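Accompanying notes for the structure given below.
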Amino acid sequence: MNGVLVKAVLASSPDYDRLFESLSWPGESWPRPERVEALTALIEGLGPLLADSSSAEKSRRIRDNVESVVWIQCLPLLSRISIEAGDGAPCRESTAAACRLLSACVRLCDRAVAGRVALSVLPALRLSEDELPGPERLSVEVASEVMAALIPSLTDDDHLILATLSSALSCIKTLPDALVSKVTVRLLLSLLDGCSGVRLRSSLKLVLEELCSWHCAQRTAVVTERALLCLTALSDHLLLKAELPPSSCVPDPRLSLHFWRIVQDGLTHRDSISRKRALYLLKRCVALSEEEQVDCPHPPSGEGETLFRWAPNRSELLREFWEDYALVMETLEENQVHVVRPLIKSSVRVVASGVGLLHPSWLLCVYQRMFHSENKSLMREGVCHLLELQILQQPAIFIVGPFMNVLSETSLFQRSAGQSVGDCPELAAKLQGFMVAFFSSLPSEHRGSVLLKMIQQLSSKYWCAVPLLFLSQALSKLPPSPLLEIDGLTALREVLRCTMITHQVMLRGAAQCFLLSSALCLTNVRAVTLDDVFSFLMHFHVEESLCRGTNIWNQLCVWLSDNESSFKPRIVDGDSTVSVSQFLCFSGQIERLPDSKEADRLARAILLCVDMEKSQCGTKISSTLESLLFPLMDTLSRVSTNIYMPVRKSDKSLQLLLRLLQLGETAGCQHTFFFFFYFQVPSVANQVSRAVAMASLATVCELLELEVINMQTETCYALKELNEYFYSPLSQSQGPLLQDWGCIAAKLIRDQWICLSFLIKDLGIPEICRAPDTLKAALSCSVDALALLPSDLVLPVLTFMQAVLPQLLLEEEMLCVEAVTVSWELVQGLSNNANDFWPALKGFISMVFHHKLLELTHTQALTFAATLKQTATELIELSQSKSGVFGLLLQHCCQTWLPEGRGCGDQTDTVFSSVFSYINILTEACVYGPVFRRDQRLIQDVQTYVEQLGEDPAGNVIVTRDEQLPRICALTLLSRLDSSNRQHERLIEELVMALLKKDNEISKSKVRYYSNSLQHRVKNRVWQTLLLLLPKLREEFVASLLNHVFEAGFCSNQASVKYLIEWMMILILIRYPQHIDNFWTCFSMDHEKTKTSVCTFLSVLVHLNTIMPHLKEKAVQLRKALDIILQYCFNHNFSVRLYALLALKRVWNLAEIQAEEGADSLRELSTVIEACLNQAEAMQSTGNANKNWIRIQEHFFFGAFHPVRDYSVETIFYTFPSLSDLADDEWIPTWKFEKLAHFPESLRFPLKNPSPDLSQLQPGDWIQQDKGTEADKEERWAEVQKKITPWRLGIQEQEPELQLVPPQRAARLGKLHGALLVVASLIDKPTNLGGLCRTCEIFGASALVLDSLRHVSDKHFQSLSVSSELWLPLLEVKPVELTDFLQLKKSEGYCIVGAEQTANSQSLQDYHFPEKTLLLLGNEREGIPANLLQMLDVCVEIPQQGVIRSLNVHVSAALLIWEYTRQHLVSSSTEVSSRN
């Protein structure tokens, strides 16, 4: 309308000045977009007039007005928009209108005007994030729109074009993320669209080089993301088929190494959009290479690194590889491991056979994407596959970077399928071989630096215990080589000092051993001094790893001995050995006490030297000790005689002496030390006197400080001065500072309790100290000491309490209760401190559950007994969160109740009788074992693996965290019980009843009882224990027990529990056959109760051959068995029939033997039984029934298993659980029982199964379906979905396509439509319409008719249509308009087909659809209305066989549409074949 009006006005030769004045606006105002559009239309209309105008003055005036519009109207308006407007629609409309006006103006002005405007706008593009637009400067968004409008007028100005391009590239680097895509792509695309020829090539080259150099200089995620954004936007300019010589074409990014690095970084980017862009560029490059069919690079060059190659003679191979590669990357977005696995194996084979055409780094991109996956299975698949990759050399930067990062994931080290508890995880085993192969493939000069970086990675972030353990083990397997120098030992020290400090004790100890072994094999001894080595050894804990006498200690001694003369000399004096005298004579700062770490370092050095000498033949240890300890002896001998000896020197000597005694644990060594001290230090007694005098002096000082003593004598003044000296915070003397005195006081208290406990333990409590008041005071002091001492110094106090508590319990029960309570609170407080917790817990348990206390509390001291029971309960609760607590308690209690090697007697029986007060502990131990989470189970598995390493990790000798230990201890105790002992017999019977009660409670509980749940496991443990105790039960007790066993058989049990109950019944009937009648009565129970549980009792009859020899009247019993079995052979339940058939077959075999021996009653039944047996077996002869019949006969419980021969610990606790699909953490291997030296063995109940038949079977049950192999799974997924490649079908830009109508979009895709018209105006559910739209689009319908197009915006419609409405023509026809619409289509030659069941309907499989078909679909409920049925040319129905006579309307339509498509696809292919 504006254009028409302007033409009319201009045709009347108006006053142009007045026109401009009337359409312009004040510079301060913000006009509406319509007014701006009107002025734009005026100026555009002046263009032809200016070209034809004969008056120069008139033209000049018009141009002046136009130019004034630029400076007075456009730019101020744009500036105001920049300052005041937001990001709303009015702002966008005003900006667009102003830019169109500006573009129209500059086209009519001089060329210089566009340049001046551009120069004024360009600075705005360099606006930093913190700067705000002002009156003279536009915002970045507005400036980019202005420049895009000016670019067509700047094409002749190379300088401005270059400046604009530079500004656009600057925006890419500096703008916030929200503006980058909006601004830079607009600028770059507008700029390149306006260029051609040389300028286009130079611009593209500049952009490509700038992006590549930026990424090369700053290879970060942000740079990669923005570079990919620009490259994707420019792909239509960069990736064009070359029609001219290479020198005349646009730059080819495929020849740029940095371009491919951007693509590879994009493929592994954390942002999914960046990954999509990178894959898009890769696909475009591959498609272009395939289209050009020329060598890439041009020509192939052997110099430098080339990430992408294309060879026309290998085009097919390369195309298949890149298609699979793109498919892998796409499926990784969906974490589909089943698709990735076969494709990545194929890709590896292609890379291996690609003869240099395919760079291995592309595979590393796949691995890195798998490493970043949230799917742990996919992550593990990637790591395992990389570890198996032996054909390609891996770059060190990838291994040290992404590979090391993913190895820190604990879940990778889960056991694989088929591995048992205690096996080395599959990934850990592969990691060992991979590390050896990887370092072997590196150049020798690079191995040291790569190893150093790898170790530094271990300390650069937190590593969990499991991955650090297995990586340390892998490093220890490297062949000996001098790779590590002082910086390597420093890095290892940081791992020991920082990374491992919070790990579990056992795993930390094992990792320390592996790291030390690695250091011994890989250290360059010529580059480190002995001081460096011993300082490094300081960080290995004695109680966890570097313990004297262990394998790693001996290995260290051998290493030191072999390299004794090869270490780097000390810088100070050039001496290569460590001198004790040099250490003692060292004079350092004396403000503080000597550092105990120095003494520890030197003490280890002395002991290592001693053990080195011990390993060498012909060397006397005494002479070695004398030479090493002479400086120490000399110093100590002159402590009391040389008044000028420095105090620090004597203190260091005493500390060294103490540390030697602590570390030198062997008796012979300690004896040698005492020998020297006794003969060479005669003044030790004087030192004791001086210590006592100092203690007395301290007491006097305390009294003076409290002003208890008011003696004003010179002595008192001197004592006060001494007191002020000791307690002055600013003392200038050379004595120790106050901060050290706390440590001294604590250790002094600790040492007092050590001495006291030692004397009481070895000499007993002296008579003079047996007075109750004395012992009470001593116990009170010990309680106070627990509150005062640090946590790592309380163990001697607990040891003292252990000796005193039995003496005071009867007289001072409440004080003893307080002592136990305070001690328990202290131990609980240490639960997060592994180093102090376990020694304190062990001491506490030894104190509280001492055998003398248990004897007393059995009948006396009831309050104390209640405290112990409560403490035991809390210990069990603590064990749920802290592994190993209950095991420590059970070990101690079992040894206390039934000590090894102690004979019978009153005292022994008295101690044992205390078990009845704690039978709940023993019952809990028999069924103990929590159900771990996946991560907890992993820790348990790894700890079991470490235990099986033996004594190589020193922590194994000290720490035991096996959660099966409580059960093993309890079962060992029960195995050692003597059924002839009345107390033992009572314990067995009470325990059996307690276990049966627990089983009954679970059976009646409403808690869900599923496989491997806690309830399932507890029931399984109950019946395992009962089987263990069965031989020790009295016959009378078994009779009372029998009903409980039969009652358990009627319950719904998991398979493993069911087998144990059946085994229990069989053994009872074998041992006590007189109870067979009770067994027969079980089959006469209520039918509902025995509905399926009768299978349990039928299973017992399958093993009747083992029971029969012990029965009387065998023929009668066999007749009863046959009568019962025959009732169930034709039961309506399939499982019951199957069990009965198997029982009938086995029992009838026995009956035939009896018939041959003269049992006439059985011979009479032979015809009937055999007929029934043949008929029953015939029923199982086909299909799945036959398979299950074969499986149940081959099942272990009915095949290889023999109830008597296989009765052993191994069968009950390992073989049966493994064959019953119990989780493998429920399997108890025999070696765990063998570790307990006092586990009894007997011929009646052996530890190991004498027959190997069961152990050779695989787990399974007859109802279990066959499992496919891994190869089957991979073959199944060998054919996977491939997505279309739009540019192969002619699409260059996807976004503009959405502006086209559906037929145009489909045509641009090269898609062919059929003539099928689907009418769904009668359907009103959006979900059906959405699915139908998708089906029509896929099968090429010409259009879909709806009752309203509003359905398209419905979310339910869109959720099923998945954008198919964008590519399919949609028409709107109301139901009331259908009659006219159908008439119209009939006149156009369409055949009207209805999907409806009528009397004259034709079957879908028989009907042939005409090409021009209109398919009318009925309503979901009512079908096609009657008024439309007469308009149909034909009705088609879908053949059905079910009871329900209707399908969903979308499903019905899909079947009809597919049949139409199939018929016309066949006819099309037939026509093509006939033409050929």
Side-chain angles (χ1 to χ4, degrees), residues 916 919 922-923 926-927 970-971 973-1001 1003 1019-1051 1053 1057-1085 1093 1096-1097 1099-1101 1103-1114 1117 1120-1121 1202-1209 1211-1213 1216 1240 1242-1246:
F916 297 104
I919 196 168
L922 195 57
T923 305
C926 291
V927 297
L971 296 172
L973 174 71
L974 298 178
S975 300
R976 296 175 58 210
L977 295 178
D978 183 5
S979 57
S980 62
N981 185 303
R982 187 66 190 91
Q983 286 198 4
H984 292 192
E985 180 185 297
R986 176 191 166 195
L987 174 63
I988 293 173
E989 294 178 358
E990 289 188 12
L991 183 63
V992 167
M993 297 309 297
L995 291 173
L996 285 173
K997 180 181 178 182
K998 188 174 286 290
D999 175 78
N1000 188 49
E1001 289 173 353
S1003 298
K1019 286 177 71 73
N1020 196 77
R1021 295 163 192 163
V1022 165
W1023 289 99
Q1024 284 177 321
T1025 309
L1026 293 176
L1027 270 173
L1028 178 75
L1029 292 174
L1030 181 59
K1032 300 179 184 293
L1033 300 179
R1034 294 180 297 115
E1035 182 178 349
E1036 297 79 4
F1037 183 72
V1038 172
S1040 64
L1041 187 71
L1042 198 58
N1043 287 334
H1044 295 284
V1045 177
F1046 290 153
E1047 187 69 26
F1050 287 115
C1051 298
N1053 295 304
V1057 180
K1058 175 176 170 289
Y1059 301 145
L1060 294 173
I1061 295 174
E1062 293 165 2
W1063 192 4
M1064 186 83 170
M1065 292 180 186
I1066 296 169
L1067 290 178
I1068 290 176
L1069 294 177
I1070 291 174
R1071 294 174 184 273
Y1072 311 107
Q1074 63 271 25
H1075 299 299
I1076 188 67
D1077 291 333
N1078 295 336
F1079 176 73
W1080 298 130
T1081 58
C1082 293
F1083 291 96
S1084 60
M1085 301 289 288
S1093 58
T1096 296
F1097 302 92
S1099 297
V1100 176
L1101 289 179
H1103 291 279
L1104 189 63
N1105 61 323
T1106 60
I1107 304 172
M1108 187 58 65
H1110 307 275
L1111 297 177
K1112 299 177 181 178
E1113 300 179 349
K1114 294 179 174 54
Q1117 301 299 337
K1120 286 184 179 180
H1202 191 279
V1204 178
R1205 181 195 65 203
D1206 296 324
Y1207 184 60
S1208 66
V1209 174
T1211 305
I1212 297 174
F1213 296 100
F1216 253 48
S1242 65
L1243 294 176
R1244 294 182 60 192
F1245 189 54

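All heavy atoms count here, side chains included; hydrogens, waters and symmetry mates do not. All figures in this text were calculated on a predicted structure; none of them were measured in a lab.
To the nearest 0.5 Å, the span separating CG on L991 from SG on C926 amounts to 4.5 Å. Atom CG of L1030 is separated from atom CE of M1064 by 4.5 Å, given to the nearest 0.5 angstrom. The line from CD1 of I1070 to NE2 of H1110 is 5.5 Å long, rounded to the nearest 0.5 Å. In this structure, CD1 in I1076 is found 5.0 Å from CG in L1069, a value given to the nearest 0.5 Å. A distance of 8.0 Å separates CD in E1113 from NZ in K1120, rounded to the nearest 0.5 Å. The distance from atom CG of L1101 to atom CZ of F1079, rounded to the nearest 0.5 Å, is 4.5 Å.
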Begin from the C-alpha positions of L996 and W1023 and carry the test side-chain contact (heavy atoms from CB on, under 4.5 Å) through to its verdict.
CA-CA 9 Å; L996 285 173; W1023 289 99; 4.0 Å; yes
Could you walk me through whether R986 and F916 pass the side-chain contact (heavy atoms from CB on, under 4.5 Å) check?
CA-CA 9 Å; R986 176 191 166 195; F916 297 104; 3.5 Å; yes
Please determine whether side-chain contact (heavy atoms from CB on, under 4.5 Å) holds for the pair W1063 and I1212, giving the CA-CA distance in whole Å, both sets of side-chain angles, and the decisive distance to 0.1 Å.
CA-CA 10 Å; W1063 192 4; I1212 297 174; 3.7 Å; yes
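Applying the side chain to side chain contact (heavy atoms under 4.5 Å, CB included) test between F1046 and each of N1078, I1061, T1081 identifies N1078 as the sole match. Considering E1047, K1019, K998 as possible partners of S1003, the one that fulfils the side-chain hydrogen bond (donor to acceptor under 3.5 Å, both in side chains) test is K1019.
Between N1053 and A1048, the shortest heavy-atom contact is ND2-O, 3.0 Å. Across every non-hydrogen atom of A1121 and W1080, the tightest pair is CB-CH2, 3.6 Å. Here the shortest heavy-atom pairing between E985 and S979 reads OE1-O, 3.4 Å. Minimum interatomic distance between P1203 and L1067 (heavy atoms only, all atoms of both residues): O-CD2, 3.6 Å. Closest heavy-atom contact between G1049 and M1065: CA-CE, 4.1 Å. The two residues Q1117 and K1112 come nearest to each other via the heavy atoms CG-O, 3.6 Å.
Looking at heavy atoms from C-beta onward, P1073 lies out of side-chain contact with I1107 at the 4.5 angstrom threshold. M1108 places a side-chain heavy atom less than 4.5 Å from the side chain of L1111. L995 places none of its side-chain heavy atoms less than 4.5 Å from the side chain of V992. L922 places a side-chain heavy atom less than 4.5 Å from the side chain of L987.
Using the six-membered ring where Trp is involved, F1097 and F1050 have ring planes that are tilted, between 30° and 60° apart.
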Output side-chain donor-acceptor pairs under 3.5 Å for residues 1035-1044, partner residues at least two apart or in another chain, one line each.
from, atom 1, to, atom 2, distance (Å)
E1035, OE2, Q1074, NE2, 2.4
S1040, OG, F1037, O, 2.6

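Scored by the ring-ring contact (aromatic ring centres under 6.0 Å, His included) test, H1075 finds no partners at all (sequence neighbours excluded). Partners of F1213 by ring-ring contact (aromatic ring centres under 6.0 Å, His included), not counting sequence neighbours, listed by chain and number: F1233.
In terms of modelled atom types and a separation under 3.5 Å, the side chain of D978 and the main chain of H984 share no donor-acceptor contact. With hydrogens and angles disregarded, no donor-acceptor distance shorter than 3.5 Å links the side chain of T1211 to the backbone of Y1207.
In the model, S1093 has no side-chain atom that pairs as donor or acceptor with a side-chain atom of T1096 under 3.5 Å.
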